[in-house]
Amino acid sequence: MEKFYQLWKKFGKNFEQGGKLEKLSSFYDAFDTFLFTPTTTAKKVGAQIHDGSDSKRTMIIVVLALIPCLLFGMFNVGYQHLLATGQLAEGLTCCLWWKALGFGALAIIPFYLVSYIVGLGIEFIVAQIKHEEVAEGYLVTGFILPLILPINTPLWQVAIATAFAVIFAKEVFGGTGYNIFNVALIARAFLFFAYPNSMTGDSCFVRLGSTWGWDGGAAVDGWTGATTLTQLSTGAVTESASFWETVNGLMPGCVGETCVWAILLGAILLLATGVASWKVMVSILATAGITAALFNAFGSDSAIAQYPWYMQLVSGGLLFGAVFMATDPVTGARTECGKWIYGALIGFIVILVRVLNPGYPEGMMLAILLGNAFAPLIDWCVVRKNINKRLKRA
Amino acid sequence: MQQIILKRGLDIPMDGKAELALGSVNRPEVFKIVPDHFAGITPKLDVKVGDKVKAGSPLFHDKTFEAMLFTSPVSGTVQEIVRGDRRKILSINILADAKIEYAKFDVKKADTAEGVKTLLLESGLWPLIMQRPYACIALPNKEPQAIFISTFCSGPLAPDYEWVLKGQGAILQAAVTALSKIATVYVGIKAGAVAPEFRGLKDCILYEVAGAHPAGNPSVQINNIRPMRQGETIWTIGIQNLALIGRLFAKGIVDMQKKVALAGPMAYGRQYYNVLPGMPVSAVLESNYHKEVPCRFIAGNALDGHQVMLDDMMSIYTNLYTVIGEGTDVHEFMGWMFPRFNAFHFGQTDPAKMIVDNCFMKWLFGERKYQWDARLKGGRRAIIVSGEYDKVLPMDIYPEQLIKAMIALNLDKMIELGANEVAPEDFALCEYVCTSKMPLQAIVRQALDTMRKEIE
């Protein structure tokens, strides 16, 4: 390892100021800090020792937590394809199981390529211009983005949305740590409003056609690719999934959001490591549950208002958003008390959007973005209380 | 006795505490007094080369507060005045006598608050008194509303002051009695400490503090015992510095001799040494550290101390020297991803911590030994993770918001958020745990200095 270290550092000389590859120094830096823990030592004044955890370690935990969702998502994309094209008439054999996974992987990997090439590319360029290290924030953003998109979103749209979000939702504010809105959700919102046909409707969540020319097909009779929430909000309920079907998640939806088990696995990792705030998660779920229960009891007779509160919690992107997106520390409330309020606001809004706005069957994206917008105000109020207490001492 | 129990905080499990024994130090011939050790003052010389001085005779004074004298720790002859750029005084070199001759101070005059203050200013021990706000040397034109003395330090490898000050109860009492003429004196004792030197103190309010570091920090104790009000000034004095003041009031002399501890994983001869300010740091450290690896010498503890070199001079404020590895020789492959069995993690993001530190494994393998070095172990980022600082700062303050106001140098906001109540050392643990590796103590120092310049 020491030999490799010396070689790598020698190679790094090319990227120093005045070196041949000076223009790519941020690129080298990113890989350098990725490969070897930086040997930068403490300044003369200030803490002389530092904790072992850094921003990279924190971010990788989130990525690890997302992996169950990704794996299940891959399988589900393939499974829905097989189901829609009638290949599962004789049940799910071992061979078909692998086919489902393979089909899903082929469908999803290009999303990742686009997301990382476009997003990280912009990050590298900006880091080079600002002479800073490349921040790790996009590792998570880029990993989440494909998971919150319908599988039929055209890749060029993903590229545009990624570029838009990284530049206008992050870099213009100063980069990772300074953004006001969750970058992945801004990308999704961009797609949602710029290309609504790709993001909503009955046909976007299940790939019927082929992937890279492999295994095309046509829908069998009577099949619908609409999610339960879409069916409920349009009132065209053909068949409503049961609680356990929804929890298991073998149903149409955005890639990573359908399986409650996979999300829970991720949540356990995030909570055990303390990377995400349990307060935000609990607050969102409790408030959403209560709000939905109130609609159940006192709401109108519409199908979505009468959709049981426990079903509301497990369907759509609510749980995925609550676990992975609302808990983003940069865009959420930063005070401990504020986290409760922030979660409550999101939990309330998401059900409100679902039930009262027939145009938007799912409200999690909008609820979190609204929560992001209000987070600084919530913190301001919480901190104000502390300030007033201090003033009262006089 | 009032008791406070602090729930937030963190004790750094560092090896290499100083043994309770006294080592000998070679006394140098020449003592070099460095005005830069006294932050926030502008020195004006009171001596010239060739002058004879006694221990306690003034060497220089502050430009703003002319009554504030800085005195010699030894008797002898002024040999040289070393100046740097723009004639800045770098050090005053004194060729020391073989036997220290002390200047005599008339303690009897110090029976009023004014008398005590005058004596402290004349004797050169005033600079040992720190104040909040600004965490600087107490400003003589401000009346303190309280004086806080913490009898213990809770930082990593902290000296054992119960041992250091054994039998010096009368001296400490002399100081407390004198200071109590100026304002109410509060003395914080570590829960469980038995030393009669501390517990028996009179003319003051005693309280007990339980909890992890930073329980020993005066700001933390002030915030929990007697929160500061707007416009107040509170003095703080370290316990060993209090003993120096006590010697003045008990014996009428300025005896700056101190016991400093040498500690740290990379130090040999980990024990206590009697030293005087103006000695080179090497007097204690030379031949007492691991020379086979790059080492870092720290005046103070590893959290809120600062790096010193062997040829630097000892300051009157230092009670501890810590030696740790520099860490430049450690090339850790993908350290951000792999478990680290020999590195301490405050959070739960290290799998090694999750796996090894659960009860069963602890029982099997015993407590883990951690390696410490000066590496940041990560790159500098914007503040990302929330709520990290709160976990290690047991004060009624929003540290992150305060730091942001300080970065922006927004004075009004800073003061609203409690900048008056803090010192850089209070943010040492926050700086340690920060995953974004923010230089918090430097930020606080700069903000407090700016605040003082703008307001005073």
Side-chain angles (χ1 to χ4, degrees), chain A residues 1-2 4-6 9 29 33-61 132-137 174-178 272-275 277 329-330 332-336 339 379 382-383 386-387 389-391 393-394, chain B residues 12 227-231 296 298 302-307 324 326-328 330-337 340 343-350 354 372 374-387 390 396-398 400-401 416-418 428 431-433 435-437 439 441-442:
Chain A
M1 195 50 66
E2 191 59 32
F4 175 55
Y5 177 82
Q6 299 302 346
K9 287 288 166 186
D29 271 353
T33 55
F34 178 87
L35 283 174
F36 295 99
T37 305
T39 48
T40 325
T41 50
K43 292 231 172 72
K44 202 167 179 310
V45 176
Q48 304 288 307
I49 49 174
H50 284 82
D51 196 63
S53 53
D54 64 344
S55 155
K56 278 194 178 55
R57 195 176 270 275
T58 314
M59 298 295 179
I60 198 71
I61 298 274
E132 282 176 2
E133 267 187 56
V134 179
E136 297 81 9
T176 303
Y178 299 109
T273 51
V275 167
S277 163
V330 174
R334 299 190 64 89
T335 53
E336 295 308 305
K339 283 172 185 168
D379 280 343
V382 173
V383 172
N386 179 273
I387 291 172
K389 200 161 117 193
R390 188 163 289 113
L391 287 175
R393 276 189 215 146
Chain B
I12 302 283
M228 267 174 87
R229 304 186 189 99
Q230 292 297 313
R296 173 172 288 228
I298 304 161
L303 285 175
D304 55 40
H306 59 273
Q307 187 186 15
I324 59 173
E326 181 74 21
T328 40
V330 184
H331 304 139
E332 206 177 353
F333 182 67
M334 286 197 175
W336 54 277
M337 190 169 79
R340 285 194 177 111
F344 181 74
H345 278 242
F346 172 62
Q348 303 294 329
T349 48
D350 182 28
M354 241 194 274
W372 296 96
R375 282 176 304 149
L376 298 184
K377 296 174 189 148
R380 166 87 195 277
R381 298 286 181 270
I383 299 177
I384 294 172
V385 180
S386 67
D390 304 76
D396 187 17
I397 271 180
Y398 281 97
E400 185 191 310
Q401 281 70 19
E416 280 184 342
L417 287 164
E431 187 172 350
Y432 168 78
V433 299
T435 44
S436 299
K437 314 291 176 190
Q441 291 183 87

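The chains referred to below are lettered A, B, ... by the order of the sequence lines, with proteins before strands, and numbering in each begins at 1.
Of the possible polar contacts, one joining the B:Lys437 side chain to the A:Asp51 backbone as a donor-acceptor pair under 3.5 Å is found. Formation of a donor-acceptor pair under 3.5 Å by the B:Glu332 side chain with backbone atoms of A:Thr37 is not found in this model.
Ranked by heavy-atom pairs under 4.5 Å with chain A, the list B:Met228, B:Glu326, B:Arg375 is led by B:Arg375. Contact tally against chain A (heavy-atom pairs below 4.5 Å) for B:Ala374, B:Gly335, B:Ala343, B:Gly387: the top residue is B:Ala374. Among B:Asp304, B:Val433, B:Val385, the residue with the largest count of heavy-atom pairs under 4.5 Å with chain A is B:Val385. Between chain B and the residues A:Gly177, A:Ala333, A:Pro329, the most heavy-atom pairs under 4.5 angstrom are made by A:Pro329. No other option in B:Glu416, B:Arg340, B:His306 has as many heavy-atom pairs under 4.5 Å with chain A as B:Glu416. Counting heavy-atom pairs closer than 4.5 Å to chain B, the top residue among A:Asp379, A:Thr176, A:Ile60, A:Asp29 is A:Ile60. Residue with the most contacts toward chain A among B:Lys377, B:Gln441, B:Arg380: B:Lys377 (heavy-atom pairs, distance under 4.5 Å). With respect to chain B, the highest number of heavy-atom pairs below 4.5 Å among A:Thr41, A:Asn386, A:Thr335 belongs to A:Thr41. Of the listed residues (B:Pro227, B:Ala428, B:Gly327), the one with the most heavy-atom contacts under 4.5 Å to chain A is B:Pro227.
Using a 4.5 Å cut-off between heavy atoms, B:Ser436 makes no contact with chain A at all. For A:Val275, the part sitting under 4.5 Å from any heavy atom of chain B is the side chain, from C-beta outward, and nothing else. Heavy atoms of A:Lys44 lying under 4.5 Å from chain B belong to its backbone as well as its side chain. The contact between B:Leu376 and chain A is made by backbone and side chain atoms together, counting heavy-atom distances below 4.5 Å. Contact of B:Gln401 with chain A is made through the side chain alone, with heavy-atom distances under 4.5 Å. For a residue to count as touching a neighbouring chain, one of its non-hydrogen atoms must lie under 4.5 Å from one of that chain's; by this rule A:Ile61 touches chain B with the side chain only. Proximity to chain B (any heavy atom under 4.5 Å) is shown, for A:Phe36, by both the backbone and the side chain. With a threshold of 4.5 angstrom between heavy atoms, B:Pro439 does not approach chain A through any atom at all. Looking at B:Leu417, both its backbone and its side chain come within 4.5 Å of chain A, counting heavy atoms on both sides. In this structure, the portions of A:Ile49 lying under 4.5 Å from any heavy atom of chain B include both its backbone and its side chain. Both the backbone and the side chain of B:Ile397 come within contact range of chain A, judged by heavy atoms closer than 4.5 Å. Interface residue A:Thr33: only backbone heavy atoms are found under 4.5 Å from chain B. With a 4.5 angstrom heavy-atom cutoff, A:Glu2 touches chain B only via side-chain atoms.
In this structure, A:Asp54 and A:Thr58 approach most closely via the heavy-atom pair O-OG1, 2.9 Å. In plain terms, the two heavy atoms of B:Ile383 and A:Arg334 that are nearest each other are CG2-NH2, 3.3 Å. Considering all non-hydrogen atoms of both residues, A:Ala42 and A:Ala47 come closest at CB-O, 3.3 Å. Nearest approach of A:Phe34 to B:Met334, heavy atoms of both residues: CE2-CE, 3.2 Å. Here the shortest heavy-atom pairing between B:Thr349 and B:His345 reads OG1-ND1, 4.2 Å. Between A:Ala135 and B:Arg381, the shortest heavy-atom contact is CA-NE, 3.8 Å.
In this structure, B:Ile384 and B:Thr435 have side chains that are not in contact, with every pair of non-hydrogen atoms separated by 4.5 Å or more. No side-chain heavy atom of B:Gln307 sits less than 4.5 Å from a side-chain heavy atom of A:Lys43.
A:Lys339 and B:Ser386 are linked by a side-chain donor-acceptor pair at a separation below 3.5 angstrom, with hydrogens and angles left out of the test.
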For this session: Before giving the answer on side-chain contact (heavy atoms from CB on, under 4.5 Å), spell out for B:Trp372 and B:Phe344 the whole-Å C-alpha distance, their side-chain angles and the decisive distance to 0.1 Å.
Result: CA-CA 8 Å; B:Trp372 296 96; B:Phe344 181 74; 3.5 Å; yes
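We find that B:Asp350 and A:Arg57 are joined by a salt bridge, their nearest charged nitrogen and carboxylate oxygen being less than 4.0 Å apart.
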